[in-house]
Q: 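Handing you a structure now.
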There are 2 protein chains.
Amino acid sequence: MRLYKSVRKMVATLVDVARMAQVSTMTVSRVINNKDLVGEATYQRVMEAVEALSYVPNSAARSLVSRQNKAIAVLIASVVNPYYGLVMEGIENVAEANGYSVLLINANQQEKYPSCIDNVISRGVSGFISSHLNLHQAHIDKLLKHGIKCVLIDNEQDLDGIASIKSDHRFGASVAVEHLIGLGHRRIGLIHGNLGMNLKDDDHGKEEKYSFNLWRLRYEGFIATVRKHGLHIPQDYIIQSDASIEANVNSGMLAMDRLMDLPSPPTAVYAGNDLFAIGALNAVLHRGLRVPRDYSIIGHGGIDATKYTFPVLTCVKQPRFEIGCHAATMVIDLIEGNTREGQPPVFEVIRPSLVPGGSTGSIA
Amino acid sequence: MRLYKSVRKMVATLVDVARMAQVSTMTVSRVINNKDLVGEATYQRVMEAVEALSYVPNSAARSLVSRQNKAIAVLIASVVNPYYGLVMEGIENVAEANGYSVLLINANQQEKYPSCIDNVISRGVSGFISSHLNLHQAHIDKLLKHGIKCVLIDNEQDLDGIASIKSDHRFGASVAVEHLIGLGHRRIGLIHGNLGMNLKDDDHGKEEKYSFNLWRLRYEGFIATVRKHGLHIPQDYIIQSDASIEANVNSGMLAMDRLMDLPSPPTAVYAGNDLFAIGALNAVLHRGLRVPRDYSIIGHGGIDATKYTFPVLTCVKQPRFEIGCHAATMVIDLIEGNTREGQPPVFEVIRPSLVPGGSTGSIA
DNA sequence: AACGCTAACGTTAGCGTTAACAATGCGATT
DNA sequence: AATCGCATTGTTAACGCTAACGTTAGCGTT
């Protein structure tokens with residue numbers, strides 16, 4: 001006789017419940033899954049046993065047999081980035097409402113992607129959401145091969161046939177600029193991040209064509225809109241800054257300083273993200289000037305911090321919560337086969353909207 | 001002959017790898033777990049097969065047999081709360097470095113706790129961390145009964161014998177007040193949240209004694225410190241506000257307005273959290289007054305938003321990243337049995353530190 | 001009365017992995 | 001040469017659960 005059970009078994013299993021309720025394990029299984037027909041009396045007896053033993057189903061066993069574990073892996077670049085909070089919240093909400101769990105995975109460096117992907121596969125999750133990463137076809141293919149349904153949020157590259165959600169950054173930029181123009185501004189500055197052109201030819205990047213880049217899209221939206229209104233924007237009104245999470249606000253300040261130092265500075269600035277905008281705002285205040293009296297400033301993103309500034313920052317807001325909800329709904333639909341077979345993958349574009357604050361005003 | 005395999009098997013398993021490498025499954029298992037001795041040649045052969053089949057171990061099967069799934073569940077009240085970001089980051093970092101995954105669970109309402117706990121148990125995680133919740137002994141007992149190791153971060157109630165991490169809120173408050181007194185302030189206001197006394201006697205709360213409440217501790221720290229310096233603080237310098245995440249900044253503004261309207265207002269304010277402080281700051285600026293010229297303001301927490309204000313907010317900073325790291329290290333130690341059997345559970349107290357900013361200054 | 005039908009429940013096997021033990025082979029030791 | 005020891009690999013059963021199918025009893029139908 002082997003001594004497998006040396007570690008005393010402390011947790012009740014289906015077998016224990018079955019024994020206690022004097023039924024077969026299958027009946028217990030049916031009861032706790034609310035399916036098939038089970039007699040009323042039996043049902044009660046089983047439930048009592050479940051209570052008495054405080055039985056909780058073992059999901060490892062479940063997913064082993066069902067090849068589904070009702071979990072969704074979420075890959076994001078940084079938990080700290082205030083942008084993701086609401087996205088996560090949206091995902092979590094929908095997931096929870098559908099009985100799914102969320103596996104959070106930090107993919108802060110591109111080199112880590114492969115191991116993250118393996119991790120995801122190994123965990124046997126049913127669904128996968130990535131947010132604002134730069135996943136390649138190969139990564140996704142591996143996931144798909146393992147039967148994992150994928151949804152991408154604002155992936156840098158366009159990937160064929162993968163369900164995805166994108167923010168309409170170009171549109172957002174145009175909303176911002178239209179707002180400023182509507183207020184009478186004709187000299188408008190732009191602070192943006194890395195446009196993703198002229199990439200260094202490193203090993204990974206050689207064959208990549210960035211068909212999607214947040215900064216370039218916002219830049220293009222800006223240019224298109226000012227052009228549409230026939231405004232002439234001098235080259236030195238457009239400043240590229242460091243958008244890394246650590247530098248953000250600071251580089252916004254530096255950029256604004258440069259703009260204010262121009263012989264003929266802009267009267268309004270569209271900052272490509274909220275932290276730039278906050279930095280710009282602070283730079284103005286630092287000189288003892290006022291917003292929006294001296295400069296109007298508008299941000300893009302809609303993070304909470306925009307509500308904490310004085311004056312409150314006007315910004316273009318991305319519906320982050322909704323994006324998260326959408327993404328989760330999409331994966332779950334994919335997992336549960338709610339989408340018709342032949343149908344092409346969902347490909348949603350979400351439009352941001354203007355949130356008026358106190359940092360923009362009519363030109364004097 | 002049954003038709004089990006009707007869904008074509010698309011993912012390679014140990015058996016496939018074993019067959020390809022002409023060895024037993026056990027040998028493959030040994031190879032991928034890098035343990036026991038495996039011959040060099042065999043090792044290579046197996047690894048090749050693993051590569052060729054792009055085999056990824058099935059963690060459901062693993063955890064079924066090992067009763068461990070190298071996952072840690074993290075229960076927090078709100079993903080959006082900027083406070084948790086860095087805590088999560090710390091947890092994630094340590095977890096990942098040790099091969100653990102993080103299961104994120106949103107427990108935004110106290111009524112949801114039981115189902116969250118069941119969820120955690122069902123998922124069969126090895127470890128459990130909760131952050132800033134109000135878990136009861138019963139919740140934890142259920143987890144422990146199922147062999148799940150628990151660590152609590154700033155749980156509202158003290159629970160016997162459970163490893164936990166606490167911030168020294170009282171000390172933090174004293175640091176803040178000492179800082180203000182050091183600058184010459186003698187009329188100091190306090191904005192705080194619900195002290196958790198005089199609780200309504202609802203069904204759940206009848207037998208509860210809150211031995212730990214963030215706001216009360218900070219309040220006590222404030223009182224003790226001003227008393228130590230022999231300062232007289234009139235009752236109307238102390239304002240209780242709504243600290244819910246939605247109201248935070250606004251209620252900080254309202255509170256500061258009330259303070260400024262006093263016939264003899266304080267010269268400095270210790271706001272019990274950063275968002276209160278930001279609100280207070282904005283209230284001052286709104287009146288066209290200046291910080292710290294007219295009022296000094298200090299916050300407590302150290303969220304990123306403190307760096308975005310103008311002037312930058314002086315605050316007492318809780319080492320959130322470190323707290324997360326600690327918590328994760330503690331659970332993993334518990335899980336892997338690195339702690340001696342007889343040893344009492346770890347019970348750590350973390351002290352915050354002052355982060356000087358521009359919102360506090362010497363009294364005129 | 002023989003039949004079929006169906007609701008209610010039971011049996012069996014298998015999901016992919018690993019712990020425990022067994023077996024093998026080969027050089028070294030006595 | 002027989003024995004021992006060790007390194008390496010194999011065999012078996014079990015983890016907890018559920019899909020697929022089998023069985024039973026009670027009912028109505030012809």
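Atom set for the values below is all heavy atoms of this structure, side chains included, hydrogens, waters and symmetry mates excluded. Below, read A as the first sequence line, B as the second, and so on, with proteins coming before strands; counting in each chain starts at 1.
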Q: So, OP1 or OP2 of C/dT17: does either fall under 4.0 Å of a side-chain N or O from B/Ser29?
A: no
Q: So, is B/Ser24 close to the D/dT11 phosphate, meaning a side-chain N or O under 4.0 Å from OP1 or OP2?
A: no
Q: Hey, is the side chain of B/Thr13 poking within less than 4.0 Å of OP1 or OP2 on C/dG16, counting only N and O atoms?
A: no
Q: Could you state the CE-P distance from A/Met26 to D/dC21, rounded to the nearest angstrom?
A: 13 Å
Q: If you assign each of B/Ala61 and B/Thr42 to its closest nucleotide in DNA chain D, which residue comes earlier from the 5' end?
A: B/Thr42
Q: According to salt bridge (charged side-chain N to carboxylate O under 4.0 Å, His left out), who are the partners of B/Lys142, at least two apart in sequence or on a separate chain?
A: B/Asp118
Q: Round to the nearest Å and state the distance from B/Arg19 atom CZ to D/dG10 atom C1'.
A: 16 Å
Q: Heavy atoms under 4.0 Å, any strand shown: does A/Tyr55 hit a base, just sugar-phosphate, or nothing?
A: sugar-phosphate
Q: If I take atom CG in residue B/Leu14 and atom C1' in nucleotide C/dA19, what distance separates them, rounded to the nearest angstrom?
A: 14 Å
Q: Applying side-chain contact (heavy atoms from CB on, under 4.5 Å), can you list everything that pairs with B/Cys325, at least two apart in sequence or on another chain?
A: B/Val94, B/Phe321
Q: Over how many whole Å does the gap from B/Lys70 atom NZ to C/dT17 atom P extend?
A: 17 Å
Q: Just the rounded figure in Å: distance from P of D/dC17 to CG of A/Leu64.
A: 12 Å
Q: Which part of the nucleic acid, if any, lies within reach of B/Ser66 when heavy atoms closer than 4.0 Å are counted: base, sugar-phosphate only, or nothing?
A: nothing
Q: Please list all pairs meeting ring pair (Phe, Tyr, Trp, His ring centres under 6.0 Å) that have one or both residues in residues 88-126 of chain A, counting only residues at least two apart or in different chains.
A: A/Tyr113-A/His139
Q: Starting at CZ of A/Arg30 and ending at P of D/dC17, how long is that distance when rounded to a whole Å?
A: 15 Å
Q: Please figure out whether A/Pro57 or B/Glu40 has its closest DNA chain D nucleotide nearer the 5' end.
A: B/Glu40
Q: Can you list the residues that meet the ring pair (Phe, Tyr, Trp, His ring centres under 6.0 Å) rule with B/His326, with sequence neighbours excluded?
A: none
Q: Specify the separation, in whole Å, of atom CZ of B/Arg62 and atom P of D/dC17.
A: 21 Å
Q: Out of C/dC9, C/dC15, D/dC15, which has the shortest distance to the side chain of A/Val38?
A: C/dC9
Q: Using a 3.5 Å cut-off on both pairing distances, which stems of three or more Watson-Crick or G-U pairs include DNA chain D?
A: C:1-30 with D:1-30
Q: Not counting sequence neighbours, list each pair that qualifies as a ring pair (Phe, Tyr, Trp, His ring centres under 6.0 Å) and has a residue in residues 49-81 of chain B.
A: none
Q: Whole-Å distance between D/dC17 P and B/Asn58 CG?
A: 16 Å
Q: Any side-chain heavy atom of A/Val11 sitting closer than 4.5 Å to one from B/Ile121?
A: no
Q: What's the verdict on side-chain contact (heavy atoms from CB on, under 4.5 Å) for A/Asn155 and A/Ser130, showing C-alpha distance, side-chain angles and the deciding distance?
A: CA-CA 8 Å; A/Asn155 199 61; A/Ser130 91; 4.2 Å; yes
